[in-house]
Amino acid sequence: MARDSDRRMGRRAVLRGSAAASAALTLPAMAPAAPAQALSGRPSARWGVQVGDVTMSSGLVWVRSDRPARMIVETSATESFTRPHRRQGPLVGPGTDFTGRTALSGLPSGSQVHYRVLLADPDDPRRTGEPVYGTFRTVSARRREGVRFVWSGDLAGQGWGINPDHGGFRIFEEMRRRDPDFFLCSGDNIYADGVLPESVTLPDGSTWRNVVTPEKTKVAETLDEFRGAFRYNLLDAPLRRFHAQVPTITQWDDHEVLNNWYPGEILTDARYTEKNVDVLAARARRAFAEYFPIGTLRPDAQGRVYRVLRHGPLLDVFVLDCRTYRNANSPGRQPEDTQGILGAEQLTWLKRELSRSRAVWKVIACDMPLGLVVPDGSTDIEAVAQGDPGAPLGRELQLAELLRHIKHRKITGTVWLTADVHYTSAQHYDPSRAAFKDFAPFWEFVSGPLNAGAFPAVKLDGTFGPEQPFVKAPTRANVSPAEGFQFYGEVDIDGDSGEMTVRLREDGGKVLFTKVLRPGLVGQ
């Protein structure tokens, strides 16, 4: 297709333009952008760039400066930037940890957009630092263009951080080469509760060596410590190159705050001096809003994570928030549960927006799996399924209400993409196998981790009749990225037939499982 040549041109521009930025960040310590003599004392964007909220005519560009600066974004239809269009962005400073976002509008649909971010001295606009380059493709209004994206979650968890000997977060380089239209990150972008040791001895006697920063030597409690956890990931050159080429749709899960948290929780963990989880969550949410280009969130903690991103006639992505509005983790056997894992307001929003969607495919991006029993301790449940294969109870009641709505409103093309459990699998749900029968069959695909410990598979709950044609997981807990079991998923929607092809891949690109779904069909 024509857009493939556009993508290749865009990739050349990013690789050329980001070479200096990548070289400027030498692990484990950061060095100033070169040449030092010419740029001494000027703002530097050593953490790269990101783009989110991409539509047919717009996008949201993110950057971080090393000092107060004016953010400036220039865009061009070509990588030469001979006639750039300049947009003046905000002044960035300590109030947002020197991060800033600039909205781009009036862009042509289905086109490759080249951009560069400059940071200018607030007192002398002529003094700018080294530009940082990126590219992205706006959403096409033409169905025949098709859509390709990747998804996964779980980064730098369980003590496995940036290891230069391993290639850093190398799975991002593999995903970048797939050249997707966007990346859906299904949560656990950081492990704010995960301390990184300098080294770990692996089962074969070799050593895993982590890059470690001060913020990653203890659990995050202060706003600055949460910010430092997000900055840590951006030390990784493969991740920065990925961000410079691939727009993101980002959601959060528990480890942006701490393991298995819920609103109102009071901690007994001795590592924390701040025991009120609501206080920690507010700080984490602010840092999350500062470090990702999400238009529905602001650094002042207003707004929401849940939203819908529309990608032309073929795809709508419904991004859920399974943290902010959930009830307390419990055994999950209550016969009534209006709050559930989404909260009443978010559930109402989701039902309304699904009913309004005219896209061929409606991807429901849920950070937590549906029919997998994810425990929290010895008695409580962390996700939706609670292990009782009978009629819906607890949080399952909310899922049953949603599935009933989808069936009765004749909403077709719903596919669930989830993460969290640190392995990859495919589940097909069918009322003929289920205790609850008032729903239409559907698929759920699970992926992750990106760079974190891998864990054995958990059991299925029979309430919604899941069948698992594929699963790949280790047989012991916290397997390191050096031993494999790092996964991502890829979705291709063909513009001509409308077929959705889902591939579960592992680090290195090998396809583990493939499922082709046909549009407009039920029970496939």
Side-chain angles (χ1 to χ4, degrees), residues 13-14 17-25 30-54 57-77 79-107 113-136 223-224 227-228 230-231 234-235 240 243-244 247-248 286-295 297-303:
V14 171
S18 64
S22 297
L25 203 55
M30 290 190 297
Q37 297 84 356
L39 300 177
S40 177
R42 301 189 182 195
S44 176
R46 295 176 288 180
W47 294 266
V49 289
Q50 299 179 56
V51 170
D53 285 6
V54 174
S57 61
S58 64
L60 188 63
V61 176
W62 175 97
V63 76
R64 183 181 193 268
S65 177
D66 64 347
R67 66 196 70 195
R70 170 70 69 181
M71 180 182 181
I72 300 167
V73 182
E74 293 183 339
T75 59
S76 173
E79 58 184 293
S80 63
F81 284 89
T82 52
R83 300 179 64 184
H85 180 68
R86 173 170 285 210
R87 295 168 175 86
Q88 184 166 282
L91 283 170
V92 301
T96 59
D97 200 30
F98 304 98
T99 66
R101 307 181 299 183
T102 297
L104 308 180
S105 59
L107 304 174
V113 177
H114 304 270
Y115 70 93
R116 59 189 177 195
V117 178
L118 299 96
L119 295 173
D121 187 322
D123 299 320
D124 184 357
R126 296 169 299 178
R127 290 173 51 82
T128 60
E130 185 77 13
V132 182
Y133 290 80
T135 189
F136 65 95
L223 175 58
D224 285 343
R227 288 166 165 171
F230 285 102
R231 285 197 304 272
L234 297 176
L235 294 175
R240 294 196 312 278
H243 280 160
T248 58
R286 176 170 175 173
F288 180 82
E290 291 171 343
Y291 273 84
F292 292 108
I294 301 173
L297 273 181
R298 297 199 304 270
D300 63 4
Q302 299 300 309

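Count residues from 1 along the sequence.
At distances below 3.5 Å, not a single donor-acceptor pair connects side-chain atoms of Ser65 with backbone N or O atoms of Pro68.
Nearest heavy atoms, Gly303 versus Leu297: C-CD2, 4.0 Å. Taking both residues in full, the closest heavy atoms of Pro293 and Gly52 are given as CG-N, 3.4 Å, listed atom of the first, atom of the second, then distance. Nearest heavy-atom pair across Leu119 and Ala45 is CD1-CB, 3.7 Å.
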Q | Steps toward side-chain contact (heavy atoms from CB on, under 4.5 Å) verdict (Ile294, Phe288) | A | CA-CA 9 Å; Ile294 301 173; Phe288 180 82; 3.6 Å; yes

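Each of Arg64, Arg227, Arg298 was checked for a salt bridge (Lys or Arg N to Asp or Glu O under 4.0 Å) with Glu290, and the lone residue meeting it is Arg227.
Residues Arg42 and Thr128 bring no donor and acceptor atom of their side chains to less than 3.5 Å of each other.
Annotation: side chain of Leu104 is not in contact with side chain of Ser58 (no heavy-atom distance under 4.5 Å). Inter-residue side-chain proximity for Arg87 and Ile72 is flagged as unmet; no heavy-atom pair is nearer than 4.5 Å. Contact of the Tyr115 side chain with the Tyr133 side chain is not registered, since no non-hydrogen atoms from C-beta on lie closer than 4.5 Å. Residues Thr96 and Tyr291 fail the side-chain proximity criterion, which asks for heavy atoms closer than 4.5 Å. You'll find the side chain of Thr102 stays beyond 4.5 Å of the side chain of Leu60, heavy atoms only. Contact annotation: the side chain of His114 never approaches that of Ser80 to less than 4.5 Å [non-hydrogen atoms, C-beta and beyond].
A salt bridge is defined here as a Lys NZ or Arg NE, NH1 or NH2 lying under 4.0 Å from an Asp or Glu carboxylate O, and Asp97 with Arg231 meets this definition.
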